[in-house]
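Residue numbering restarts at 1 for every chain, and letters A, B, ... go by the order of the sequence lines.
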Amino acid sequence: MPSPPCCARSACVCPVWPAACRWAANWNTSTAAPWPRPCGKDAKPSTESQETFMLDIQWLRNDLERVAKRLETRGYPFDPTRFQALEVERKEVQVRTQNLQSERNQLAKLIGQCKARGEDATAHLDRATGVNRQLSELEARLADLQQRLEALLLMLPNLPHESVPVGRDEQDNVELRRVGTPPVFDFPVRDHVDIGETLGLLDFKAASKLSGARFSVLKGGLARLHRALAQFMLDTHTREHGYTEAYVPYLVNAETLRGTGQLPRFEADLFKVPRGEQESHYLIPTAEVPLTNLVRDEILRETDLPLRLTAHTPCFRSEAGAYGKDVRGLIRQHQFDKVELVQIVHPDRSYEALEELTGHAERILQLLELPYRVIVLCTGDMGAGSSKTYDLEVWVPAQQTYREISSCSNCEAYQARRMQARFRNEAGRTELVHTLNGSGVAVGRALVAILENYQTASGAVRIPTVLRPYMGGEDLIGP
RNA sequence: GGAGAGGUGGCAGAGUGGUCGAAUGUACCUGACUCGAAAUCAGGCGUAGGUAUAUGCCUACCGUGGGUUCGAAUCCCACCCUCUCCGCCA
């Protein structure tokens, strides 16, 4: 039986942004995917008391040993016996609880009928009191059990895809390919800090006065180059790669961060913004957070997939675990700009989409003529939400090495499950979407790469050809 | 910042303690009628979870969380959000 779409295409009203479809059509010259147009009788906040886990709990119930083994490859210790014990108890208590609830409902109904007929209901009332006494105890036990199960499972990282190399840390990542050739200089190579400060366009002293360590002030041609980079990336992704540009909030609530997996585990990496009595906001650590959460609690039509979204935003990270790392320069800052790519796709297509998305990020580096390499992260080095991640690393001449400039991940249903982001499949059933994200690319680090790779003997910096239209035709930032 | 109104199924909109998971309209799906369509008629149409021979049965959900009660969409408390007016502001 064909699945009945739950609303007519023409009549469907997008509760996210009612005018969104028109926007996408009018503002985007590309073949951009439309905005989410949830067709939902059910497009309402998910508030089910049933907890939602990071992994499908059915995997654990049905295939515990294999899941445990795969988690081990990520260096995550998981105790199957403890889970098993909790699960057995949960099952027993839940069945008993629901049976009692059923009995209580029956009795309440009976009492109502008696009273309506003016009959005596004392006997039923007595029984109901007894049932409720048992029930309150059982319900408390069930809630406790489910909480403990959740606590156990909430920390689980995603399962790695079978194609991901098994390894402990970044040492075990695998290089897939190198593109471009690192430039050879016939003069002493300077690093981007040296270049920028000598030009008088990069000022860490001022930034430190304003804000402290790990901030920066860019001026003049350098500030413009930074802006040019972001513009160029956005234009490329919207015009050539089919993404819809979005402008999104930089402050988000806790629920949103739970959706993409930053909370509850990684609160220390975030900047929290209290606002009196009200719930705190957080500064986004990446546009992945607001972009991906656009489909939270939505049921999309299958024909809406894939959704391709991009945004240029600042990103804020407290980098709590990075003291002493990359203290010099623009590489590791509390605030940096990034153009982010997000795709919401059909589960059957997410690995194709990962290759495409990575290609979209690579395209930026190719057009900028920056040498880079692509590596696949091993099981031990991936982010918790990812099933497979490619990192793009750009050549940094002063360090004579490749440094990360983009990270492209397929999160499969990990985020979708937390967000309850679904689509209605052909059979008419709801199914979790797969989510992907990747930097396309980090603007600050791209700036570093250009300063260093395009430096000249005279201390100037040549401007990559594709950026010149964004720089008023200039081809050089010079002293 | 001040004042007020309100949050029920895709939409509209009933429901103020008892067969209400929720009337009715509309949209949508299937079937009948039709050469076909429209109209009309009949039926269907939320999400999540549990159980499992089951197209079966059960549980939860009317913004969120708590409370009262044998029984809550309905009563009480707190919170969140939206809208309107005034002020301020880019």
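When each of A:Asn99 and A:Gln113 is assigned the nucleotide of RNA chain B with its nearest heavy atom, A:Gln113 is the one assigned upstream, toward the 5' end.
Salt-bridge formation is not detected for the pair A:Lys91/A:Glu87: no Lys NZ or Arg NE/NH1/NH2 atom is positioned less than 4.0 Å from an Asp or Glu carboxylate oxygen. Of the charged side-chain nitrogens involved, none lies within less than 4.0 Å of a carboxylate oxygen, so that A:Arg148 and A:Glu89 do not count as a salt-bridged pair.
Residue pairs that meet the salt bridge (Lys or Arg N to Asp or Glu O under 4.0 Å) test with at least one member in residues 120-129 of chain A, sequence neighbours left out, are A:Glu103-A:Arg127.
A gap of 32 Å separates the P atoms of B:G49 and B:C83, to the nearest Å. The separation of B:C70 from B:C80, taken at their C1' atoms, amounts to 32 Å, rounded to a whole angstrom.
Per the geometry, CD belonging to A:Gln94 stands 16 Å off P belonging to B:A48, to the nearest Å. Rounded to whole Å, the distance from CG on A:Asp297 to P on B:C61 is 18 Å. Going from atom CD of A:Glu92 over to atom P of B:G50 covers 17 Å, rounded to whole Å. Computed from coordinates, the A:Leu100 CG to B:C57 P distance equals 21 Å when rounded to whole Å. Nucleotide B:U64 holds its C1' atom 13 Å from the CG atom of A:Asn253, rounded to whole Å. As a whole-Å value, the separation of A:Glu431 CD from B:U47 P is 14 Å. The CD-P distance, from A:Glu89 to B:G50, rounds to 17 Å in whole Å. Residue A:Gln101 contributes atom CD, which lies 12 Å from atom C1' of B:G49 at whole-angstrom precision.
Within 4.0 Å (heavy atoms only), A:Arg90 reaches sugar-phosphate atoms of the nucleic acid but no base atom. Heavy atoms of A:Asn105 sit under 4.0 angstrom from primed sugar atoms or phosphate atoms, though from no base atom.
A side-chain donor from one of A:Ser216 and A:Gln333 sits under 3.5 Å from a side-chain acceptor of the other.
Applying side chain to side chain contact (heavy atoms under 4.5 Å, CB included) to A:His434 and the options A:Glu412, A:His346, A:Arg349 leaves one that passes, A:Glu412.
In this model, the phosphate group of B:U47 is not approached by any side-chain N or O of A:Arg422 to a distance below 4.0 Å at OP1 or OP2. The shortest distance between the side-chain N/O atoms of A:Thr430 and the OP1/OP2 oxygens of B:A48 is below 4.0 Å.
When atom types are taken as modelled, the side chain of A:Thr73 and the backbone of A:Lys69 share no donor-acceptor pair closer than 3.5 angstrom.
Ring to ring, A:His334 and A:Phe271 are close: their centroids are under 6.0 angstrom apart.
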Which atom pairs link the protein and nucleotides 70-73 of chain B when you take only N or O atoms and keep those under 3.5 Å?
from: B:C70; atom 1: O3'; to: A:Asn132; atom 2: ND2; distance (Å): 2.8
from: B:G71; atom 1: OP1; to: A:Asn132; atom 2: ND2; distance (Å): 3.3

